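Given the structure is predicted, the values throughout are model-derived calculations rather than measurements. The figures that follow rest on heavy atoms only: side chains count, while hydrogens, waters and symmetry mates do not.
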Amino acid sequence: MGTVTLGVSIAVPEPYGSLLQERRAGFGDPAAHGIPTHVTLVPPTEVGQERLPEIEAHLAEVAADCRPFPVRLKGTGTFRPLSPVVFVKVEEGVPLCNRLQSRIREETGPLARELQFPYHPHVTVAHAISEEAMDRAYEELAGYEAAWTCRSFALYEQGTDSVWRKLYDYEFGSGRPISAVPAQTGSPADTRPTPSGC
């Protein structure tokens, strides 16, 4: 049946997602328009296509046990010189992102895998471009701030054209997979609840 490359992430909702994607493109990152703006939960992972139903069921089960939680982005950071990445920092929601990604990658589950680096939730805004352009991204977005209520995470597949496409959103509390129509992971106008997490 072949293999597919999957990723699991929290989508950054509008208007923030498109704005950061455009800024990423403006810094000269050629991958910008192929990667929806997100907070990674599971990085690109190659799996056998026959495992998709098992993975989808696992994600639905994890999502069913989760509750909405607040996420706030604020300022910039970088993984340089270890990795050529500039990112917008996740200021609020870090413990819950940590818990969520750990549950999705649990050792007994279909997405169990080792990570190349320790997990650190963030939103990439520049990757593997010139040092000058990465410096510009770091400086120009240093005052950036956004907040929303995270209500789901999404499963993505990378196409042969290197573009990442959403397969499903998994809504917290129900685990119900919402088909690939691009859905929001919250709204800037949402009332932000007391976090109860996953």
Side-chain angles (χ1 to χ4, degrees), residues 1-14 16-17 21 31 34-71 73 90 92-124 148-187 190-198:
M1 288 185 75
T3 62
V4 292
T5 300
L6 302 177
V8 183
S9 62
I10 294 168
V12 174
E14 298 303 340
Y16 313 128
Q21 192 173 40
I35 305 175
T37 309
H38 66 282
V39 177
T40 297
L41 296 172
V42 178
T45 303
E46 194 172 283
V47 300
Q49 204 162 12
E50 74 281 356
R51 302 198 69 191
L52 271 171
E54 181 188 3
I55 289 166
E56 291 163 5
H58 171 64
L59 294 176
E61 185 178 335
V62 172
D65 289 338
C66 292
R67 298 295 175 268
F69 63 91
V71 175
L73 307 180
V90 177
E92 184 178 1
V94 171
L96 294 171
C97 288
N98 269 303
R99 197 176 313 160
L100 184 53
Q101 66 86 27
S102 179
R103 290 202 56 202
I104 292 170
R105 291 190 306 104
E106 63 191 6
E107 289 182 12
T108 57
L111 286 171
R113 58 160 291 170
E114 293 295 320
L115 298 179
Q116 186 179 2
F117 302 106
Y119 181 72
H120 183 279
H122 64 280
V123 177
T124 298
W148 72 93
T149 299
C150 176
R151 300 184 182 279
S152 66
F153 58 77
L155 175 66
Y156 290 83
E157 180 180 346
Q158 187 179 36
T160 55
D161 56 0
S162 297
V163 173
W164 286 90
R165 294 177 178 87
K166 186 183 293 187
L167 299 179
Y168 296 105
D169 268 317
Y170 291 88
E171 185 178 39
F172 293 167
S174 73
R176 185 179 79 244
I178 306 165
S179 135
V181 177
Q184 300 306 313
T185 314
S187 163
D190 283 342
T191 301
R192 302 172 76 222
T194 301
S196 50
C198 300

Task: More than 12 heavy atoms of other groups within 6.0 Å of Glu50 CD - done: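 Yes - once you tally the heavy atoms of other residues, nucleotides and ligands closer than 6.0 Å, there are more than 12.
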
- [ ] Measure up the Phe172 and Phe69 rings against each other and bin them: parallel (under 30°), tilted (30 to 60°), perpendicular (over 60°).
- [x]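 Geometry flag for Phe69 against Phe172: parallel rings.
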
What's the separation between atom [atom1] in [X] and atom [atom2] in [Y], rounded to the nearest 0.5 Å?
X: Leu96; Y: Gln101; atom1: CG; atom2: CD; result: 12.0 Å
X: Asp65; Y: Arg99; atom1: CG; atom2: CZ; result: 12.0 Å
X: Arg105; Y: Leu115; atom1: CZ; atom2: CG; result: 3.5 Å
X: Leu111; Y: Glu54; atom1: CG; atom2: CD; result: 8.5 Å
X: Leu52; Y: Leu155; atom1: CG; atom2: CG; result: 7.0 Å
X: Glu114; Y: Glu107; atom1: CD; atom2: CD; result: 8.0 Å

- [ ] Give a yes or no on whether the backbone of Ala63 and the side-chain of Glu171 come within a donor-acceptor separation of less than 3.5 Å.
- [x]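 The answer is no, because no donor-acceptor pair under 3.5 Å joins these two groups.
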
Taking all non-hydrogen atoms of both residues into account, name the closest pair between [X] and [Y] and its distance.
X: Ile35; Y: Gln21; value: O-NE2, 3.3 Å
X: Arg165; Y: Gly159; value: NH1-CA, 4.0 Å
X: His58; Y: Gly109; value: CE1-CA, 4.5 Å
X: Trp164; Y: Gly7; value: CZ3-N, 3.5 Å

With heavy-atom distances below 4.5 Å as the criterion, would you say the side chains of [X] and [Y] are in contact?
X: Tyr170; Y: Cys66; result: no
X: Phe153; Y: Val62; result: yes
X: Tyr16; Y: Val123; result: no
X: Val71; Y: Val12; result: no

Task: Results of salt bridge (Lys or Arg N to Asp or Glu O under 4.0 Å) for Glu157 - residues two or more places apart only - done: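 For Glu157 there are no salt bridge (Lys or Arg N to Asp or Glu O under 4.0 Å) partners, ignoring immediate neighbours.
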
Open item on the list: side-chain contact (heavy atoms from CB on, under 4.5 Å) for Tyr119 and Cys97? Distances and angles first, verdict last.
Closed with: CA-CA 9 Å; Tyr119 181 72; Cys97 288; 3.9 Å; yes

All N/O donor-acceptor pairs, side-chain side in residues 39-49, below 3.5 Å, sequence neighbours left out:
unit_1 : atom_1 : unit_2 : atom_2 : d
Thr40  : OG1    : His38  : NE2    : 3.0
Thr45  : OG1    : Pro43  : O      : 2.7
Thr45  : OG1    : Arg113 : NH1    : 3.0

Open item on the list: List the residues meeting side chain to side chain donor-acceptor pair (under 3.5 Å) with His122, not counting sequence neighbours, and say none if there are none.
Closed with: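 His122 satisfies side chain to side chain donor-acceptor pair (under 3.5 Å) with Thr124 only.
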
